[in-house]
S.K.: 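This is the structure, below, for whatever I ask next.
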There are 2 protein chains.
Amino acid sequence: MNKNKDVAGEEQSGALMADVARLAGVAISTVSRALANPGRVNEKTRAKINAAARQLGYTPNAMARGLRVGKSNIVMIILPGSLYYGVSQIIPQVLQSINKSLIQGGYNLMIANLDRDEISERHILDLAFGGSVRGAIILSSKLPEVDGRSLAGSGLPIVSMLLDMSDAGLQSVVTNDREAVRDVTAELIRLGHRRFFYLAGPEDNYHDVERYAGVLEALGAAGLSEELVHRSGGQLDYQHGFDIGVQAADDFVQLTEKPTAVIATSDDMAISFVSRIQRTGLSIPDDLSVVSFDGSPVCEFSSPPLSTIEQPVEEMGRAAVDLLLDAIDQRQKAGKVRTVIRSKLILRESVAPPRS
Amino acid sequence: MNKNKDVAGEEQSGALMADVARLAGVAISTVSRALANPGRVNEKTRAKINAAARQLGYTPNAMARGLRVGKSNIVMIILPGSLYYGVSQIIPQVLQSINKSLIQGGYNLMIANLDRDEISERHILDLAFGGSVRGAIILSSKLPEVDGRSLAGSGLPIVSMLLDMSDAGLQSVVTNDREAVRDVTAELIRLGHRRFFYLAGPEDNYHDVERYAGVLEALGAAGLSEELVHRSGGQLDYQHGFDIGVQAADDFVQLTEKPTAVIATSDDMAISFVSRIQRTGLSIPDDLSVVSFDGSPVCEFSSPPLSTIEQPVEEMGRAAVDLLLDAIDQRQKAGKVRTVIRSKLILRESVAPPRS
DNA sequence: CGATTTTTGGCAAACGTTTGCTATAAATCG
DNA sequence: CGATTTATAGCAAACGTTTGCCAAAAATCG
C-alpha cells in the first residue's frame, strides 16, 4: 500500500498488481486474469506471472476488488447482545463454527454489534448499506430498522441461526428446542416424577416459548395436568442465568408442595440453582432431580454431574454458512426455509427417580 | 450498490454520493467535504446536502473510501487458537471489550484466525498485506511469518494483549500474573500452608512461566524451599484445562506427602480437579485449599465457592485499543512499551488454614 | 470604492483491481 | 495454402469516494 517504491527499509511494502505486471512484462489486466481466470491466459504467460507474484509477495487488495466487483468478502454476525455469559460457550462456539466455514468459502467474519441499542442498529445498517458486508447471520429476533433504513430492505442475504425466523421469510437453522425438552420431560415422567419446577428464560423469548411448550406437550401426552409444573422467573434475560437460578432457589423453598424435578432452560441457571438449593440441605438428585439446557462442558464436573441438553452448535453453524453462501451465489435451492438440527440429551447423575 | 436506479421495488438501494449531489444540486466533491470536512463548506450548502443525504438514506461505501484514502477501518484480532474453552470467558471478554472500544473509535473488529497453522498464518498475512486491516491486536506469541512475508515487516500497527511481547518491540498490555500468584501464595503461606500442589499450564508458555515464578518468589520471600511445591502437568494447553485438572487429581492421590494447598492456573483445571478429588473423599478446604486463576463467574457457584484471581479484561482491552489507535494515528506517546493492569484476588470458601 | 484576502464550489485525477471489447496471433479446416 | 475459427493480450473504462488545485465569489481592509 506504500506508494513510495524506493523505500529500502526492512518493511515489505504491499506490491501491486501493476508491479507484478511490470516484472512479468505483461499488462495489468493479464495479471488479473491469470490469477482469477487462469483458463483465459496462456500457460507460459501464466507461469511468468505466478513467478513474479511470488517473488514480490503480491497480495491482492480486497478493498479494490470489492469496489470494482461490487461485492465485499465479509460476512457480519448480528448478536443478541453480549458475546458471553456464565459458563455458556454457545455464542463463542457459534462464532468459531461459522468462522471456520466462512474462511473455507473465502469470506471473513465480522462482529457487527454487541448490543441492540439504536447506535448498534445504525452501525449494522451502515455495514449493510455501505457495501462493507456481503451477507449476515443473525442470532437475534427482529431485523434492525432505523431512520427509514431496514436490514430487510437492504437486499443483503441473511440467515437466522438459533431462532426460527422462517415466518419472516428468513432461512433459519435451529435446533429442536421444543422436542428436546418434551423428551427429557417425558423421561422424568417415566421415572415417576409428577411435580415439576421450570426455570424460565425471558417471557416471550423464542427459546423460552419453545422449551416451555415442550414441557406442556410432555405433560399432555402423559395425560397429566399443566398445573403440575410451577414456572419460576421470566423477568431476566438468559445473560443473567446465574441470577435466575439464585432467585429460583428462593422461590423453590417457599413452595409448600415441593416439586421433585427441575427443568432449567440454561446451564447457568441450573448451576447456581443447584449451588443454592444444596445449601438449604436438599440433596441432588435424592430430593430433587435437575436437567438443564445448553451442554456446557463444565456440567460434567458439577456436584453431582449435571444432565443437560447439548446443542449441535457446530453443525448448525455449518448449515447456516452453507445456506448463506447459497443465497450469496444466488443458487436458489428449492429447499426448506427452516433447517432443524437435533440436540442431544446427556444424562448424568443429577437425574434419578423421585423418592416414593 | 445497485446500479439500476429505476428499480421501483421494496428494496432500498444503496444511494451513492453522486445521488446526494444531484438531489442537492452540488458537485460530488462538495458532498464529500460537507460530510467529512464540514468547515470547508458553507452552512447553507451543508444543510441542503445533509437533507438530501437523509432523504436518500445515504450510507458511505467503506471500500471506496478505504481504497482512496489507502486505509481500511478494520482491526483484526489474532487469537492463540480456539475462541473458547471450558468456563473461561477470557477470550470472549477480550473480544467484547476490544470491540466496544474500537466501535467508539470508528473501527470494526475482525477475527483473523482460529488456529495457528500455516493456512491461518497465510490468511492473517493476506489481511495485513492486502490493505484489508488497519491494525492488529495479538493474543498469541510469535508473529506470523510465511513465504517471506512477515507480519512484523508489514508495517501494520500491532499491540499485544495478555502476554508481554515488549521485548520483541510490541506495545503490550498485560496483567500482573507473577505478582498476583505470588501474593496468593504468600496468603496461603500466611494461613500456615507449607506444602503446595501447582497445576501447570503448558511448559514454556508465557503465562505458566510467570505464574510459576510467582509461586517460587513467594516461597523465597518466606524463606521456604522450592521443593515444597509439587508441579503437576505441563503437557497440555490451557484449552484442555478440564483434562489437566483430571490428570492432576490422579497425580495428587499418588503423593505420599499430601500438599495442603492447590494453586491452579486456570479455573477449568481447578473445577475438574476439585470435582475429582472430592470423589476420593477429600474435603475442600478442610483437607485441601484451592485457588485458581481467571475469575470465571461460575466459581461463585462451585461447591465450595472457588477462590480465584480475576483478570481485568475489560480494562486491558480498553488500554490495548487506546495504544493501537495511537499507533494508527502515529501519535508517538513517549510512554512505556509495557502496560500492566493488576488482577484481583477473590477469596471464597475454597481457602482455609491447613488442618494442624 | 478599489485592492487584497479569505472562503467556497467544482474539475479532474487518484486509489487497485476487474472486465467488455477489439485487434492480432495461433490453430484448425477443407 | 488460403480461409475460417479460436485463443490470447492489451486498452480503456468502470467501481465510489477523496483531495489538490484553480477560479470565482464573498468578505475584509485602508
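The sequence lines fix the lettering, A, B, ..., with proteins before strands; numbering per chain opens at 1.
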S.K.: For the side chain of A/N42, starting at C-beta, report the closest nucleotide among D/dA12, D/dA9, D/dT17.
M.R.: D/dA9
S.K.: What's the CG-P distance between A/N61 and C/dA14, to the nearest Å?
M.R.: 17 Å
S.K.: Let me know which of A/R116, A/R149, A/K142 forms a side-chain hydrogen bond (donor to acceptor under 3.5 Å, both in side chains) with A/E121.
M.R.: A/R116
S.K.: Rounding to an integer number of Å, can you tell me how far B/R65 CZ sits from D/dT19 C1'?
M.R.: 11 Å
S.K.: Is the phosphate of D/dG10, meaning OP1 or OP2, less than 4.0 Å from a side-chain N or O of A/T30?
M.R.: yes
S.K.: Quick check on DNA chain D: between B/R40 and B/A64, whose nearest nucleotide comes earlier from the 5' end?
M.R.: B/A64
S.K.: Rounded to whole Å, how long is the line connecting atom CZ of A/R22 with atom C1' of C/dG16?
M.R.: 13 Å
S.K.: When you check the phosphate oxygens OP1 and OP2 of D/dA14, does a side-chain N or O of A/R68 lie under 4.0 Å from one of them?
M.R.: no
S.K.: If you look only at distance, which donor and acceptor atoms sit under 3.5 Å apart when one is on a side chain in residues 23-33 of chain B and the other is two or more places apart or in another chain?
M.R.:
none

S.K.: Would you say that A/L125 contacts A/L151 through its side chain, given a criterion of any heavy-atom pair below 4.5 Å between the two side chains?
M.R.: yes
S.K.: Using the closest heavy atom to pick a nucleotide of DNA chain C for each, name whichever of B/V26 or B/L67 lands nearer the 5' end.
M.R.: B/V26
S.K.: Closest to the A/I28 side chain: D/dT17, C/dT17, C/dT8?
M.R.: C/dT17
S.K.: Could you check how far CE of B/M17 sits from P of D/dT17, rounded to whole Å?
M.R.: 5 Å
S.K.: For A/V31, answer base if it contacts any base atom (sugar-phosphate contacts may also be present), sugar-phosphate if it contacts only those atoms, and nothing otherwise; contact means non-hydrogen atoms under 4.0 Å.
M.R.: nothing
S.K.: B/T339: what forms a side-chain contact (heavy atoms from CB on, under 4.5 Å) with it, not counting sequence neighbours?
M.R.: B/V173, B/L323, B/K336, B/I341
S.K.: Provide, to the nearest angstrom, the distance between the NZ atom belonging to B/K71 and the C1' atom belonging to C/dG16.
M.R.: 17 Å
S.K.: Below 4.0 angstrom from OP1 or OP2 of C/dT8, is there any side-chain N or O of B/T45?
M.R.: no
